[in-house]
Amino acid sequence: MADSQPLYDPPADLKSRLKASYDAIAPKYNEWTIPHSSTRLNYLDQLLGRLPTSSSTPVSVLELGCGHGLPVTQKLLSHPNFSVTANDLSSAQLALARTNLQPDPPSRLTLLEGDMLALDFPPASLDAVVAMYSIIHLPRAEQVEMLRKIVAWLKPGGWVLANFTAVELEGREVQNWLKEEKGWMFWSSWGSEGTLEKVRGVGLEVVVQETVEDVVDVTFLWILARKSDS
Ligand SMILES: C[S@@+](CC[C@H](N)C(=O)[O-])C[C@H]1O[C@@H](n2cnc3c(N)ncnc32)[C@H](O)[C@@H]1O
């Protein structure tokens, strides 16, 4: 008998619903996620160890789904040679980031509101792209599209640091995430093996791949990957 199970289709208004949710739950999420900061900083340090920190070498970093900018965007900006473009879908998150992040000079930070998939940068213009707990909110097909865009934007030898849900999810919706009335949420994933295949498939070399259980019992695949030099 043919498998008649319908394929999952994400809601047509996915992005506006996610924006509305994060606009509503930003303070709650940001407080709830503080215990995950040491994991974020562990992987960020692994990226930073591979980027030039000399003040004479400019480094250009894009952060996708930066949230309120703590602790990751702030740590990126603590390097005076770094310029950071920090993107988020949620105006509430970006308003918090604007308050939390005060680089010197201010021109080292650009905050960009909107869907990460709609961003556009010149080819080979970025040294690194960071996406923590954010690509997971894109439908699976869009995750691959996003990876392709990231590769195009990276300079040869550039780096991407991102995490993905380790368990395969065609699409998971939750009505009241974090027990918030307005906390409708969506995640998807190709799973660890599938994600690694997609990451390699867009031409990235995976240098670090680790599966880590977060403080809450969700397991994430963390990837640090590099675009080839040629
Ligand atoms: C789980 S939070 C992670 C925030 C931050 N990176 C951190 O580690 O705490 C996900 C963030 O991604 C943003 N986001 C969700 N979908 C997005 C999209 N399509 N484009 C840009 N940002 C998005 C949300 O607004 C939210 O701030």
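Heavy atoms only: backbone and side chains are in, while hydrogens, waters and symmetry mates are out. Numbering of ligands and ligand atoms starts at 1, following listing order. If you read the sequence from its start, that first residue is 1, and numbering goes on from there.
Contacts classified as side-chain hydrogen bond (donor to acceptor under 3.5 Å, both in side chains) and involving residues 191-204 (residues at least two apart or in different chains) are given here: R200-Q209. Listed by first then second residue, pairs satisfying side-chain hydrogen bond (donor to acceptor under 3.5 Å, both in side chains) with a partner in residues 68-83 read D45-K75, E63-T73, not counting sequence neighbours.
Scanning all heavy atoms of the two residues, the minimum distance from L51 to A128 falls at CD1-CB, 4.1 Å.
Without hydrogens or angle criteria, N87 side chain to G114 main chain gives a donor-acceptor distance under 3.5 Å. T57 places no side-chain N or O within 3.5 Å of a backbone atom of T53 that could act as its donor or acceptor partner.
Looking at residues two or more places apart in sequence or on another chain, you find no salt bridge (Lys or Arg N to Asp or Glu O under 4.0 Å) involving D214.
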May I have a table of the N/O to N/O pairs between ligand 1 and the protein that fall below 3.5 Å, each row giving the two atom names and the distance to 0.1 Å?
residue, atom, partner, partner atom, Å
ligand 1, 6 (N), G65, O, 2.6
ligand 1, 6 (N), M132, O, 2.9
ligand 1, 8 (O), R40, NE, 2.8
ligand 1, 8 (O), R40, NH2, 3.1
ligand 1, 9 (O), Y29, OH, 3.0
ligand 1, 9 (O), R40, NH2, 2.8
ligand 1, 19 (N), D115, OD1, 2.9
ligand 1, 20 (N), M116, N, 2.8
ligand 1, 22 (N), L89, N, 3.1
ligand 1, 25 (O), D88, OD1, 2.6
ligand 1, 27 (O), D88, OD1, 3.2
ligand 1, 27 (O), D88, OD2, 2.7
ligand 1, 27 (O), Q93, NE2, 3.3

